[in-house]
Structure formats: C-alpha cells, structure tokens
Amino acid sequence: ALTEDPDTTLAVADQSELVRNLLDASGEASKLGFKGSFPNFAGGPAILEAMRAGALDIAYVGDTPPIQARAAGTLLPIVGTFTRKVAQYRLTSRPGLVIHKLAELKGKKLSYVEGSGRQVFLIEALNRAGVSLKDVELVNLRVADLPDAIRSGAVDVAVLTEPHITRLVKQVGASPVLDPLERQILPSTSYFYARPEVLAEPGKAAAIGSFLGAFARAAKWANANRQAWAKYYYTDFQRITPDDTAAIIAGESPLEMQTAAEAIPHHQKLIDILYQAGSLKERFDAQTSFVDTYDSIVSAER
Amino acid sequence: MTIHAPSFGPVSLRNLSRGFGQKTILNDITLDIPRGQFVALLGESGSGKTTLLRALAGLDDDAVTQGDFRTPRNTSVLFQDARLLPWMSVIDNLTLGLRRSDAKVAASAMLDSVGLGDKADVWPATLSGGQKQRAALARSLLRQPELLLADEPFGALDALTRMRMHGLLFRLVERRKPTVVLVTHDVDEALLLSDRILVLKDGRIAEDHQVALPHPRSTGHPTFVELRQTLLRSLGVETNLV
Amino acid sequence: MTIHAPSFGPVSLRNLSRGFGQKTILNDITLDIPRGQFVALLGESGSGKTTLLRALAGLDDDAVTQGDFRTPRNTSVLFQDARLLPWMSVIDNLTLGLRRSDAKVAASAMLDSVGLGDKADVWPATLSGGQKQRAALARSLLRQPELLLADEPFGALDALTRMRMHGLLFRLVERRKPTVVLVTHDVDEALLLSDRILVLKDGRIAEDHQVALPHPRSTGHPTFVELRQTLLRSLGVETNLV
Amino acid sequence: MGILSPYTLTAPSTAVVTGYQLLADGTLLPHLLASAGRAYTGLFLGVTVGVVLALLSGLTRSGEALIDGVVQIKRAVPTLALVPLVIIWLGIGEAMKIFLIFTAVLVPVYINTHAALRGIDIGHVELARTLGLTRSEFIRKVALPGALPGFFVSLRLAVTLCWTALVVLELINTQTGIGYLMNRARDWGQTDVIVVGIFIYAILGLVSDALVRLIEARMLAYRRVLGT
Amino acid sequence: MGILSPYTLTAPSTAVVTGYQLLADGTLLPHLLASAGRAYTGLFLGVTVGVVLALLSGLTRSGEALIDGVVQIKRAVPTLALVPLVIIWLGIGEAMKIFLIFTAVLVPVYINTHAALRGIDIGHVELARTLGLTRSEFIRKVALPGALPGFFVSLRLAVTLCWTALVVLELINTQTGIGYLMNRARDWGQTDVIVVGIFIYAILGLVSDALVRLIEARMLAYRRVLGT
Ligand SMILES: Nc1ncnc2c1ncn2[C@@H]1O[C@H](COP(=O)(O)OP(=O)(O)OP(=O)(O)O)[C@@H](O)[C@H]1O
Ligand SMILES: Nc1ncnc2c1ncn2[C@@H]1O[C@H](COP(=O)(O)OP(=O)(O)OP(=O)(O)O)[C@@H](O)[C@H]1O
Ligand SMILES: [Mg+2]
Ligand SMILES: [Mg+2]
C-alpha cells in the first residue's frame, strides 16, 4: 500500500551509533530505498528536544523516553519495538560488598538515574525484593558517573551495563548482585518512536516501513553472526578490547523485534512502575502509545 | 549654559561662570578677544587658568557652568600634559586627524623644527619631558588653527629650547595670524610674546594689559621692565628680590 | 655595572655610562657630591638629566649601564611627572610608606606649607598641574631624606608659588642638611638655591661651578649676574636678548 | 519567543503562572537556597584563591612558573573530563560540587586579575620602590588598587558563572537546586519549568551584574574614564 | 596523578602510547580537524561580533540600552537551557553547534572589551575631540588601541573556551570531534582515550594561550607596565 520514493529523506536519531553500524555491518544500509541520515545523540531528553523542533523524523530510544514524552504532552507514537529477554542492566555492588539476595538492598545507598530505564529497573528490583523506596537511600547520579561512584564506594549499588561490570569486577573487586532473580527483573526494551506529522506523510511513512524492515533483517543477521557483529561494532568501531567485547557478548541475549500487540503489556508495566514511583502524575494506557502500521513488515522480516 | 555654534571670528565670553561641585572657579567672566590677538593668561597655581582654557575648548561638560561663549570653529588645544597617545609613534601622533594631503611631510618638517627630527618613529614613552612637550606643540601647530589654546606649552623646556620654540611659534603666528590664548606662569614669556596680558585672580580677570611693544622685544626696554614690575606685583611677588 | 650597597654619606659616580638600545645618553661620568651639598643640574632638553637622576635612584635596570655609583640609603625621588596614585586621596599619597608615628599630622602640616591645606581629601585627578607638583614635593620633603633627587619640581609653578616653594625647600635644607640633586631648566633657580651647578652636555658633565654666594641671594649681586651670563652662554643662549 | 510552538518552549505568560505556583507551594525556594549555597561558597573560594594566585603569579617569577601553567591547563580541560577525577578525590557530595564551581570561577578571576597586575603602570611601581614600601604595603596600596578594574571585570563574569556551572553538577547526587530542577524538567519535557528556570537565571544574572557594577562604580570613583 | 588507580585514569605513559596509536592509524586527526573547524569558526564569529557589540554598547548610549541587558541575560542562562531553543532555530547540524560556541565566546569578549572601552582614559577622548577625529578615526586610532589590553585578556579566555564548550555540543548529532571521542570513551570506560583527550586539551590550551600572549606582547610593546 505504501510506495517508496528514493528521494524521500528520513532522519533517524541514533544512540551510540548502534543503528547505523547495525545497518552497515549487515549490509542493509546500501539497500535502503530512501535517503537515510542517522544523527547520533546522547540520551532521551536531547532527542525529544530535537523531535519537538522537527529536526528528526523517528528516533531510537530506550524504554522510558516515550513515556516521558507523553507525560510532557507530546505523544510520539511507537512504530517499532525490540527487546532482549535478559536485561543488559545489572545491579552491581561496590568493592567489599556482596549482595546475595535482593532483599539485602534494604538500607543501602543505591544509584538512581531519574527518568531513565535504570530507574525503572531499580524500582522493579525493589518491588521484587519487597523493599520500599523509602527503605533505601537513593543517590542521583549521571549515567557517566556510575562506574566511578562504584569504584570509589560513593554508592553501594549501581545499575550498570557491560563492559563496566566485568571491568569493575576484575579491577576493584566489585560484584554483580548474585540473586538469580536479579536476571529476571525486566527485559531490555528499546523503541523507535516517530513524529506524528511524519506518519501522515505518505513518502516518509513508507520510508519508515522500509527502515523497520531493514532493521529487523539486520537484527536477525546480528543474532546469527554474533562474533562478526561484536568484532565489527565493539572491537573495531568502539575500540573495546577483545576481552571486554567478550564480556559484553557473553551476557547479551538476542535482539527480538516485536509487534505492537506483543509490546504493549511490557510497556504498560513500565508505565505502572513509574506511576507507582511517583514519577508519573497520571497512569496512561499503553495501547494509545503504539501504532500497528508496521506490524506486518516486522512480522515478515524478523 | 548656551554654547553658540562655533563661528569664524573672535572669541567672546559673556558672564561665564564655572565650578566643580560647590566650588566656583570662574566667576562671571566677560571677555572679548578680537580675531588674531595673542593673549597671555597669567595667574597663580590653582587660580583657574586651565579651567578657563578647557571651557573655551568645549571640555568638561560635567562642570557646573553658566553664561555663554563663542569660539571659532577651527580650534587647536595644547593640553598642560603633553597627552600623546602611547600606542602610536611620535609622527603618527602628529598626523592624527590631520586633514592635509601632505600630512606626513608636513609633520616631518614640523618635527625637525621642534628638534625631534630623529624621534619620528619612537614610542612617546621614550621621550624626555621636554621632548614630549615639544611633540605636543608640533601637533598643535601643524593644525594651522584659527584659535590656538595653549596651556603652559613651554613649562618643561630649558632656556635655549624655549627660545627656539618661542621663535617657531612666533613665526607661525606672524604668518597665519591665529587668535592665541597662551597660559603661562612666566611673566617674561608673556611679555615677550603677547599683545595682551590677562591676570586671573579669585575667578575673575583681575587685570588686563595691552602690550604695545614692537617685535623682537628686548627685556631691557623700559616699558617691558615697567610692565614686568606691575605684573609681578599683582601676582604677589616682591620684585626687588627676583 | 656594580651598584655598591647604599651607604650613609656622599654620592659618588665612577665612570658611569648609560644608554638605551644603541644610543649612549650618559658617557663615562665620574662625579663626587659631598654630603649635604645642594647641586643643581642644568642641561638642554633631552640631554640626559632625568636619565642621570633615575640612575642615582636605582631605576631603569633594563638600560645598558656601565661603571658604578654609590648613594645614601635613605633617598627620596621627586619624579618629573608628579606621579600621585590616582586611587588615594592627596593626604594618603603623602603618608604612603611614611614610617613616622605622626605621619598624618606631619602630612597635614606639610600640605599647609605647600598651600594645599584644603586639598587633603580630594582625588589627585582634581588637582591643577601646579597643585599636583606641590603635592609631590610635599611627599618628598616629608620623608626627611638623606639624599633628595628632584626632577624639575617647580616647572609648573607661577613666580609667587615658586618663590614660596623655594623658601620651603630652603628652610628644610637648612635644618636637615640633606644632599640634594635638583634638575632644573631655570638658571636663576639654580643660582638662587644651589651650592654647585653642573651642566650636562653630550653625555658628560661639561661644566662644574661652585656658587659661593651667601643666602638669601639677590639676583642683582655681581657674582650672580656674572655666573648667570656664563651659564646661559654655555647653554647656548645669547644673553643680551634675555 | 513568539515563533516557538508551545511544545518547544512555554510562552512566558504560562511560565509566570508556573513560577508563581512553584513559589506559592514552597517548591522553588528550597531549590533556590540549595543552589545559592553551593554557588556562593564556590564563588567566594574561587574569587579569594583566584586573587591570591594572581598575586603570586603576577608579582613573583617563581609563582608564575608554578601557577600559570597549571591554571592554563585547568581551564583548557573541560569540566566533564575533570568530574571523574574529582569524584575519586572528594566523593559525590557537596564538596565535589563546590570544588568544581570554585575551580570554574577561579579561571576568569585569575586570568583577569593576573593581566591587570601585569598591566600596572611601571611608574607606580617605581614610585613604590623609591618610597621604600614593604611587599605587603605594595600589594595593598599599589598592586591591588591598580588591578581593581580588571578584577571587577572578572567578578562580573564570576557571579553568573558560579550559577551556570552548577547546572551540570546538580545532576550528581542531589535532589535540590535549580540545576536539578532544570535537568528533571528536561527529562520530562516540562518546558514551563525550564522557562521558569531561564527567568530565574536571567534575573539572578541581571541583579548580580548590576550589584557588582554598583560596587565597582563606588570603588573606582577616582577614575577619569570614558564610562563615567 | 600518582594517587589515582590506573583504572580511573590511565597513567600518562599508557596514554601517550594510545595517543600515538590513534594518531598513527589516522583516527585522531579527522576528529581534531572537525573540532578545530567548529571551535575556530565559533571563535572567529564570537570575537568579531563581541568586539562590534562592545563598541556599540561601550560608545553609544542607545547601544548600551539595547545590547548590554541581552548579553547579561545570555550569559546568565546555562547553555543547557539554550540548546532546545537553538535547535528550533538552526536544527541539529553544524550551524547549531557553531552558533552556541559563538555565543559562548562572545560573552568574555564582550564583557572584557566593553569594560576596557569604558575604562579608556578620558584624557585620550578629550584629545580625540579636540583633534576633530571622525567617529571611525576615533574607534580605529583611540578606542580600539586603548581597549586592546582588555581585549587580549578576553581572547585568552576565548581560545580555550571555544574548545571546552564543544564537548557538550559534540554530544548532539555528531560522529566527529574530540568532544565526541571523549564522550564515547566515557560511555565505554576507555580511560586511556580520556587521558589522550585531556592531553590534547592541555596542549591546545597552552599553545593557544602562549600564541595570544605572543601577539599581545608584540601589539602592546609600547606599554611601560610591570609585566614587561
Ligand atoms: N575636576 C575637578 N574637580 C574638582 N576640582 C577641580 C577639578 N579640576 C580642577 N579643579 C580645581 O579647580 C581649581 C583651578 O584649577 P585649574 O587647573 O584651572 O588651575 P590652574 O590655574 O590651571 O593651575 P596650575 O597653574 O597649577 O595649572 C583648582 O583648585 C583645582 O583643584
Ligand atoms: N626608555 C627610553 N628608551 C629610549 N630612549 C630614551 C628612554 N628614556 C629616555 N630616552 C632618551 O634619552 C634622552 C635623554 O632623556 P632624558 O629624559 O634623560 O632627558 P632630560 O635631560 O631629562 O630632558 P628634559 O629636560 O626634556 O626632561 C632623550 O633623547 C630621550 O629620548
Ligand atoms: Mg593649569
Ligand atoms: Mg627630564
């Protein structure tokens, strides 16, 4: 139904240049039926600002930015969802502190990155442990400062990602939380959301479909060629040592594309967690955050 | 205060008063200086000579001023301090704002005349006190003004250099006939150069003498000696001591 | 160059040469000034009077200098420009660095002596040219120095004020007997005040006259008139004209 | 700001309402006070140490050799790159924030005051020498007053710098401060709060600058310059 | 840096090796050039416009009324709060980054040059008036040379500011630049690259500052001040 125009431009906000590299590495980049650009950003807020300014068409974001945008009165419909079953986040404790049970988080100093996926992850961990937010000490920090906060013992537990976890474990004797439950707290979900005006433009709407298809194929390729992808992106592009790359790959579960229907329950859960934590003033219906226009493409290509 | 539009012609002051804060320095001065007259202004240190000169130059807008005055358009001011711009060579200081096609050549010649021919390209900060004063004199004379307001332009010069500068100024005055108001603390200098001598005292023109002597003048001339005595006495100096 | 440690006692220069860049200003000067002598230094504008004085004051370290000299420890310098610090009231300028318990009182009295009793608390920028010079004179005299180096301290003063300042300086000299080196461009001033007159020319002490006249001096005294003629001639002035 | 859609930046009128609400319900003041405490402690330290370093470096050769290069490097390296270091040294508490504001403020104070000291008229220095001033008298009576105009310029830069530097730092371990408020508003796209923040900064900036210029005008009353 | 564990910040020796590798394999230079392009375009614009605004505001009453308040507000508001606005106006491309550097540089240039113009000796202004200088002659021959010492101080602040301001901006839509490199290194904990970045900033800072001071020393050779 949607017709592609090779002159259509599509600006896709990227983070850590993941999208661009994935398309390049899988060979999908050269086959795109439109003129794509992949401006790179650090974090959701700047992307939202650029979205509102009309400088972007769609954006690759983490799990909370679509909710934050909606809370700010800007509904940016989610056009694509991809997820990893096992979270990339890990609760990691400072040197000299080992946590065996999630319940031991009670009374500890926990890093808290407000408005980020790490916040949601932490709240859900406390929920699972039956510990109230009031029973812990929350320390607001920037993502970039988390490893140093653990290293210097400024906080007891932080929500970290690889390669920092492995590195801190090796270097200073930090430790991931050992409770097996910790690996089941939440999956890692990311979204593509779009400016509503873009969805109303036939050319761009078609380009988005084409892009999501390409991305699904690229994800499939990466899942099937984990070593090649790891070398391409982590080792060669991000210049991470082979050891660290191995650590990242080891804890990573495959990338799965989801249709709107599949993604809505988890999204609702995220909304509920944020609402429970007091970060949201009203409890949204996740359903209305999604469009299912591209579900057929996702189903076909994944 | 009203400043009439600058005009070609004479200098005239009508009931000019000027003071700083509460203190009155110039008190209701009325004065006419015909075109081409060479006036010397004498007075004790702090009597207001510079204040009067600066008023005529249109400076010190912030001072409390009453009355009005009229001066020719093309006026040149020689400040009591030499006031050379430190970031320009001496010759560039001379040609600054000079609207003549031969500015550079004329400035060079003028520097030679004041004995600074070899100082054209140095910074003003390296000049001696008297050299700075001569550079400022050269700058003023170069302008060929209709009215020259000069505030103690020879104060830092030795006798010989001062005589040379007198001569230079005098030749230019002869040639171009500008109106000149020369502030000086030297009675002899006033007598040697001027057509008329004013003494400023208590904010007023206390004395006003015509100097009807031919040039070149000799300090020995009886009129000279007599006027000198009168002036020194009116300036408070016991003449038999000096 | 060697500067001997400052000493109590006379001023002595041994083969002192000084120049800026390539140009020599002082050329191999050897000179002794006994303690308590009042020396006047004459010379054409740009002849190096200030340069010599500043050398004795230990200034201009960057100048090319040879030879050595010795000056008393407690030296006071009166610069050719008044050099008052603009951010201090006149009286604070006077007491700056003054190590006397009665600094403020003494400064007030000295200000009265130079006729600036009413200017103690004003900013230096509001003083007239002559008033600035007197404030600087007051500052120097307050120090009661062993050696007073004064660079044309009366250049901006009218005859009356100048006479008063001469009197003030002279009284202090009588009382405390400091060594004085006074740069001046006024031959009469030199003759009225000094024990000895030096003429600087071409970088050397060209003339050295003792002035053996009793005080107070009269300009009419034959020795005065004669020495005046000699000095003016050696300074290049045709004496019959002045 | 008329050309902006309300999504991007709230209209000033809306912001005034939001600002009033924040004030009325007692939300704003504690944040403002928390920031002010940090900003002005850092300002005070930065100005004091900046002047002392400028004196050491401007008036002594060994001081210049020791200090100047370090300050040049400090100011060339972005704060972002310094944060991890300072976290290790001082932890993530108030000390770290105040330290970073202090070093940020120090830079213009040092540079301007140092340049002003270096630019003191040699005539005044000669005078001080011939008057036999002690080192301390020279500093108090000649060097500092002479450098005051340059110092005041840096103070004008510093009084706003201490606030703007705070924004980034109030991301770290704090739930108070205008910077925290602004950052959270940014996360949640609350443009009205952002505009309130901009207003606060603007008012603070204008008031502090006016205040410094007032003091400056009094202390430099002796000057006969174009601006008087 | 001895007291730091090598994990927080790599030892300088390791960083030198990393730096050499980055240079040798051609990674570093394009980033450096990209940043330099942005930094120096912004610097150029900021210095030019800053001086022009300082002239307008310092020498005319209406200029002061129009310009001064705006600059005071601009500098009081943190860049963070300006970014969304500027994105609306200029998009997320190079123009936005250069614009923000330009405005960052403008602040010290304006403040210092304006203060220097205001501090010009009234005696020189009187001279200009009595010599009948035109407005343009006055600016070129009196005002600008008189304000030059103050301008050079601001230039010293500006030459490093244009680089440090870039770090934050190279977070937005860029795949080139030292700031981008530093930020990416932080994300992935590559402390050696961070130290290389710090080295680069430090060297750039020292070299630019030395360069400005060299030019300053030449252009202000006429001055007889303490620092000569
Ligand atoms: N800006 C000012 N503010 C206050 N008082 C001032 C100002 N300028 C000058 N005066 C005062 O006005 C009086 C007259 O000063 P003026 O400079 O006219 O004297 P003068 O006759 O030129 O003296 P001199 O021969 O010493 O140069 C002095 O008492 C001086 O202190
Ligand atoms: N810093 C300097 N650099 C270069 N030349 C200088 C410097 N200072 C003085 N001179 C030159 O040295 C010569 C002597 O200067 P000095 O000031 O000693 O003269 P002076 O005898 O005091 O003259 P005046 O009576 O005019 O004050 C002059 O030609 C002057 O230009
Ligand atoms: Mg005067
Ligand atoms: Mg001299």
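A note on names: the letters A, B, ... follow the listed sequences, proteins ahead of strands, and every chain is numbered from 1.
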Side chain, backbone, both or neither of Lys132(B) within contact of chain C (heavy atoms, under 4.5 Å): neither
Side chain / backbone / both / neither for Gln80(B) at chain C, heavy atoms under 4.5 Å: side chain
Top of Gly130(B), Gly43(B), Ser47(B) for chain C proximity - count of heavy-atom pairs under 4.5 angstrom: Gly130(B)
Under 4.5 Å from a heavy atom of chain B, the part of Glu44(C) involved: both
Asp202(B) atom CG: more than 12 heavy-atom contacts under 6.0 Å: no
Thr50(C) versus chain B, the contacting section by heavy-atom distance below 4.5 Å: neither
Closest non-hydrogen atom pair, Ala159(B) against Leu232(C): CB-CD2, 4.2 Å
Arg18(C)-Thr51(C) side chain donor-acceptor pair, cut-off 3.5 Å: no
Options Ser128(C), Ala156(C), Gly48(C), ranked by heavy-atom pairs under 4.5 Å with chain B, top entry: Ala156(C)
Among the listed options Asp151(B), Leu157(B), Leu235(B), the residue most often paired with chain C at heavy-atom distances under 4.5 Å: Leu157(B)
Heavy-atom pair of closest approach, residues Leu52(B) and Leu26(B): CA-CD1, 3.6 Å
Region of Lys119(B) that comes under 4.5 Å of a non-hydrogen atom in chain C: side chain
Asp195(B) side chain vs Phe38(B) backbone, donor-acceptor pair below 3.5 Å: yes
His166(B) and Phe154(B) aromatic ring geometry - parallel, tilted or perpendicular at 30°/60° bounds: perpendicular
Winner by heavy-atom pair count (cut-off under 4.5 Å) against chain C, out of Lys49(B), Arg162(B), Arg134(B): Arg134(B)
Side chain to side chain contact (heavy atoms under 4.5 Å, CB included) between Gln131(B) and Val122(B), worked out: CA-CA 12 Å; Gln131(B) 288 169 342; Val122(B) 307; over 6 Å; no
